[in-house]
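These notes concern the structure reproduced below.
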Amino acid sequence: MDKNLISLVSNKSRGAEAFRTLRTNIQYSSLDEKMRVIVITSSSPSEGKSTVISNLASSMAQAGKKVLLIDCDFRRPTVHKKFGIPNSKGLANIIIGENKIEECLKSTEIKNLYILTCGTLPPNPSELLGSKAMTKYLNEFKEIFDVVLIDAPPVLAVTDAQILSVNADGTLLVASYGKTEKKAIIKSKEMLDKVGSKLIGVVLNMVPSKANEYYYSKYYGYYDKE
Ligand SMILES: Nc1ncnc2c1ncn2[C@@H]1O[C@H](COP(=O)(O)OP(=O)(O)OP(=O)(O)O)[C@@H](O)[C@H]1O
Ligand SMILES: [Mg+2]
């Protein structure tokens, strides 16, 4: 299992505490609508999307929620690696009608946490993610799980994150400390606004370890910092 799955390693670590805070902030980010389906993306590759969503999923499951984590990053799927599970039979196989949901869902060491890997990589990920079948299955997942977390590719690179955001209740943007440029975050927000997605916040990842490793802020708070 990935060493960065900190919420699994020590409940008392600062990282685990940061994810409990993130979990609570998401819960309170929208009092009128429930945050049941959340997409995670970033402006560019390697800013920590898969690490953050895997920790968030673990943290939510540990709080007693029945959580489904879906790897929808067909371009660079890594969730299976983080949890040490195979990427055979996953979302793509369900959408094309090759397998049933129950044949593809993978349980984890963490009670209440289930994972759906990408499965067989398709030649046309955007089409697959925007298909009617995807919307139908997402609705089925919502019936079975309390929370559905979706790992998406970077929003400035391909349209997949925008497509996925349309069917989600909210989107979280991950930014990497000292690396992600402010203009990239603003552009990402514009892209998400374009499809009517609700940006629920920005997770500032890879903050040097003397401060918190993960930091969550409302995006407008982030803009305030000139
Ligand atoms: N807070 C952190 N502290 C230390 N290492 C981290 C942290 N977050 C992520 N990493 C490491 O950085 C690398 C990239 O992280 P991750 O795979 O989560 O990014 P990603 O945004 O999902 O990348 P991709 O665009 O390829 O999907 C991984 O090796 C991961 O273990
Ligand atoms: Mg990733």
| said: Please list all pairs meeting side-chain hydrogen bond (donor to acceptor under 3.5 Å, both in side chains) that have one or both residues in residues 35-47, counting only residues at least two apart or in different chains. | reply: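 Output for this query lists S42-E47, S42-K49, S43-E47, E47-T180.
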| field | Where at least one partner belongs to residues 137-164, residue pairs that pass side-chain hydrogen bond (donor to acceptor under 3.5 Å, both in side chains), sequence neighbours excluded | value |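 Sorted pair list: S50-D151, R75-D160, S126-D160.
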| field | For S188, side chain to side chain donor-acceptor pair (under 3.5 Å) partners two or more places apart | value |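 Partners of S188 by the side chain to side chain donor-acceptor pair (under 3.5 Å) criterion come out as none, since no residue qualifies.
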| remark: Sorted by chain and residue number, the side chain to side chain donor-acceptor pair (under 3.5 Å) partners of E102 (sequence neighbours excluded) come out as none
Check for a donor-acceptor pair, side chain of [X] on one end and backbone N or O of [Y] on the other, with a separation under 3.5 Å.
X: N124; Y: E127; answer: no
X: S131; Y: L128; answer: yes
X: S58; Y: S54; answer: yes
X: S165; Y: A161; answer: yes

| task | Salt-bridge test for E17 and R20: reply yes if a basic N is under 4.0 Å from a carboxylate O, no otherwise. | result | yes
Pairwise distance [atom1]([X]) to [atom2]([Y]) - rounded to 0.5 angstrom:
X: M60; Y: M35; atom1: CE; atom2: CE; answer: 10.0 Å
X: K132; Y: I95; atom1: NZ; atom2: CD1; answer: 14.5 Å
X: L105; Y: N99; atom1: CG; atom2: CG; answer: 11.5 Å
X: S176; Y: N205; atom1: OG; atom2: CG; answer: 6.0 Å
X: I144; Y: L68; atom1: CD1; atom2: CG; answer: 8.0 Å
X: I38; Y: I26; atom1: CD1; atom2: CD1; answer: 4.5 Å

Within the structure provided, determine whether [X] and [Y] are in side-chain contact (heavy-atom separation under 4.5 Å).
X: K34; Y: D169; answer: no
X: V148; Y: L138; answer: yes
X: M134; Y: C72; answer: yes
X: C104; Y: L91; answer: no

| Apart from V166 itself, what residues make up its hydrophobic cluster when side-chain heavy atoms of I, L, V, M, F, W and Y under 4.5 Å apart count as a link, directly or indirectly? | V195
Under 4.5 Å between side-chain heavy atoms, counting indirect links through other Ile/Leu/Val/Met/Phe/Trp/Tyr residues: same cluster for [X] and [Y] or not?
X: F83; Y: V67; value: yes
X: V52; Y: I200; value: yes
X: L172; Y: I150; value: no
X: V37; Y: I53; value: no

| request: Identify the two heavy atoms, one from L69 and one from A57, that lie closest to each other, and give their separation to 0.1 Å. | output: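 Distance-wise, the nearest heavy atoms are CD2-CB, 4.0 Å.
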Could you give the side-chain donor-acceptor pairs of residues 112-120 under 3.5 Å, partners two or more places apart or in another chain?
from: T117; atom 1: OG1; to: N87; atom 2: OD1; distance (Å): 2.9
from: T117; atom 1: OG1; to: K106; atom 2: NZ; distance (Å): 3.4
from: T120; atom 1: OG1; to: N93; atom 2: ND2; distance (Å): 2.9

| task | Give a yes or no on whether K100 atom NZ has more than 12 heavy-atom contacts from other residues, nucleotides or ligands under 6.0 Å away. | result | no
